[in-house]
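Quick note on labels: first sequence line is chain A, next is B, and so on, each numbered from 1. What you see below is based on every heavy atom in this structure, not just the backbone, and it leaves out hydrogens, waters and symmetry mates. This is a predicted model, so every value here is computed, not measured.
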There are 2 protein chains.
Amino acid sequence: MTEDAPAAAGSARTQAPAGARKRDAAATRAAILRAAREAFTERGYDGAGVREIAGAAGVDTRLISRYFGSKEGLFAEVVDIAYEKSLLMTPELNEEAARALLLGMDKAASDGLLLTLRSAANPRAAAVMRESIERNYQRRLADALPGAEATGRASLLIAICAGVLLDRMLLGHTALNSPSTETLVPYLRAALDAVAKAPEEEGKPGEEA
Amino acid sequence: MTEDAPAAAGSARTQAPAGARKRDAAATRAAILRAAREAFTERGYDGAGVREIAGAAGVDTRLISRYFGSKEGLFAEVVDIAYEKSLLMTPELNEEAARALLLGMDKAASDGLLLTLRSAANPRAAAVMRESIERNYQRRLADALPGAEATGRASLLIAICAGVLLDRMLLGHTALNSPSTETLVPYLRAALDAVAKAPEEEGKPGEEA
DNA sequence: CTTGCATGTCCACCACTGTGGACATACGCT
DNA sequence: AGCGTATGTCCACAGTGGTGGACATGCAAG
């Protein structure tokens, strides 16, 4: 009770086999985390219940409270993990980023954004995610961006990607899920480029019609 | 019970004063709709409860069931109304659209998207919104877009706007809510232009780095 | 005025949510 | 081997969610 991460606090026996052991806190934690990631990604913060998560993980509901303090604590850890391996939009990667967003199946890469979309309605969850995004994702992306105002532009890029994912995955926009969706790739890439590239090295973004 | 809109079915007395009348089905419906729009926009489909909505409207909870069938029915009507006066992104309006999205206060215009964002987590609500977006918003926008693949590009534009709103309003991204946010306007406009403008009249969207 | 119908009001139900304390068990150390 | 302690398991609570049927009421027509 004195700490939140008993698994990390276990001094000598932390190196458990992590296999099908029954009495392994680390494995239990991992199982909960895994189930929670799936549940939160699919149903959102409000939609996913602790009983459901615990059930999917094959553990008791109480373990969640014990290990993560609360549902919100669990969510925070899930969010942090999800954003560690998120899609990156650098000027060089915009083509494949656009392709991945519009046609893409790279579930791992889009999990972070998807998680965000599904849970954004809850203010508590939104705060947790904002903090995590700014700390992990946005900062990493800003470092990869050339030119000035990198942080703001990184946020813009994230926003654009999130929006596309929103329409495609959540709303199920038919126009974004049809065979002709591939036609849209260059447009999306152009939009990403407009933000990702430094203003100098493109044809000046502010070009009037 | 035979129809969903008893107000429209009211033959002779439909022309009620709509004032502070107590016995006016049309006014009651309108009040519920108004309260529901606010509640759904602020808390999302799952977050807003029928009791809360009825309370805000000053009516009884049962009226919602009676007039709209269910919470979902009420939501569907709210969504339809919200998208009637939504932000439009045409090539000529991208500047102000970008400004409105990043700095904007035009609550009425962004209500539709905001509503969508906050309720997208619920699959039922998502389906309702997708249908409404495609029927109202996207189609209207596609008609205003020049060039080919207008429908897909309209979806893309909607997605981008939704994403920006998501980061700004829901997540509360600090980078998108700071004084320097104005600096990002040209970037966002460029991104919108890249999609809204016909490929020919711009400098070819697919320009490699 | 009386009657018929729509309009509004109350109740309760059942399902489900997240959270907490007390107890049995198995592992690791001595 | 025995013990300590972490690890896992159980129930119950209080609160809230949406939904439905039976009753009182006011308006309009006969």
Side-chain angles (χ1 to χ4, degrees), chain A residues 1-32 36 39-40 43-55 57-75 121-122 124-125, chain B residues 1-18 20-32 36 39-40 43-55 57-75 122 124-125:
Chain A
M1 257 101 136
T2 54
E3 21 205 330
D4 291 327
S11 52
R13 53 180 300 284
T14 310
Q15 46 184 354
R21 285 280 291 270
K22 265 307 182 56
R23 204 81 175 190
D24 189 346
T28 303
R29 259 186 73 96
I32 295 176
F40 283 139
R43 301 192 179 76
Y45 181 80
D46 290 323
V50 290
R51 287 177 176 82
E52 167 195 356
I53 294 174
V59 304
D60 188 87
T61 310
R62 304 259 39 74
L63 276 316
I64 292 183
S65 292
R66 194 197 296 263
Y67 284 159
F68 301 93
S70 66
K71 185 185 183 183
E72 190 174 330
L74 171 61
F75 183 71
N122 187 297
R124 215 84 71 83
Chain B
M1 257 93 129
T2 53
E3 21 203 329
D4 291 329
S11 51
R13 53 180 303 281
T14 310
Q15 45 184 354
R21 285 279 291 269
K22 264 312 184 53
R23 206 80 174 189
D24 187 345
T28 302
R29 260 185 72 96
I32 294 176
F40 284 141
R43 301 193 178 73
Y45 181 79
D46 290 322
V50 290
R51 288 176 176 85
E52 167 194 356
I53 294 174
V59 303
D60 189 89
T61 310
R62 301 263 19 80
L63 277 316
I64 292 183
S65 291
R66 196 196 295 264
Y67 283 158
F68 302 93
S70 65
K71 184 186 183 183
E72 188 173 334
L74 172 60
F75 183 72
N122 188 297
R124 215 83 72 82

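A:Ala48 comes within 4.0 angstrom of sugar-phosphate atoms only, judged by non-hydrogen atoms across all strands, and of no base.
The interatomic distance linking B:Tyr67 (OH) with D:dG20 (C1') rounds to 17 Å, in whole Å. In this structure, the CD1 atom of A:Ile32 is 12 Å from the P atom of D:dT7, given to the nearest Å. Counting to the nearest Å, the C1' atom of C:dG18 and the CZ atom of A:Phe40 are 12 Å from each other. Taking atom CG of residue A:Asn122 and atom P of nucleotide D:dT16, one finds them 16 Å apart after rounding to whole Å. Here C:dT17 presents its P atom at 12 Å from CG of A:Asp46, a figure rounded to the nearest Å. We find that CG of A:Asp60 is positioned 14 Å from C1' of D:dA12, with the value rounded to whole Å. Per the geometry, CZ belonging to B:Arg43 stands 15 Å off C1' belonging to D:dG17, to the nearest Å. Here the P atom of nucleotide C:dC16 and the CD atom of A:Glu52 are 12 Å apart, to the nearest Å.
The two residues B:Leu74 and B:Phe68 make their nearest non-hydrogen contact at N-CB, 3.7 Å. Here the closest heavy-atom approach between residue A:Ala31 and residue A:Ala57 is recorded as O-CB, 3.6 Å. Minimum interatomic distance between A:Ile53 and A:Ala48 (heavy atoms only, all atoms of both residues): CD1-CB, 4.5 Å. Considering every non-hydrogen atom in both B:Thr28 and B:Val59, the closest pair reads CG2-CG1, 3.7 Å. Of all heavy-atom pairs between A:Phe40 and A:Lys71, the closest is CE2-CE, 4.0 Å. Residues A:Ala39 and A:Glu52 share a closest heavy-atom pair of CB-OE2, 4.1 Å.
Checked against C:dT17, C:dG8, D:dT19, the side chain of A:Lys71 finds its nearest nucleotide in C:dT17. With C:dT19, D:dG18, D:dT9 as the candidates, the nucleotide lying closest to the side chain of A:Arg66 is D:dT9.
One N or O donor and one acceptor, one from the side chain of B:Arg51 and one from the base of D:dG18, sit under 3.5 Å apart. Remark: the A:Arg62 side chain and the D:dG8 base include no donor-acceptor N/O pair separated by less than 3.5 Å. Scanning atom types as modelled, no donor and acceptor separated by under 3.5 angstrom connect the side chain of B:Arg29 and the base of C:dT7.
Between A:Ser70 and the phosphate of C:dG18, there is no side-chain N or O to OP1/OP2 separation shorter than 4.0 Å. Between A:Thr28 and the phosphate of D:dG8, there is a side-chain N or O to OP1/OP2 separation shorter than 4.0 Å.
Between its two ends, the helix from C:dC1-D:dG30 to C:dT30-D:dA1 turns its axis by 10°, counting five pairs per end and rounding to 10 degrees.
By the 30° and 60° cut-offs, the orientation of the rings of B:Phe75 relative to B:Tyr45 is perpendicular.
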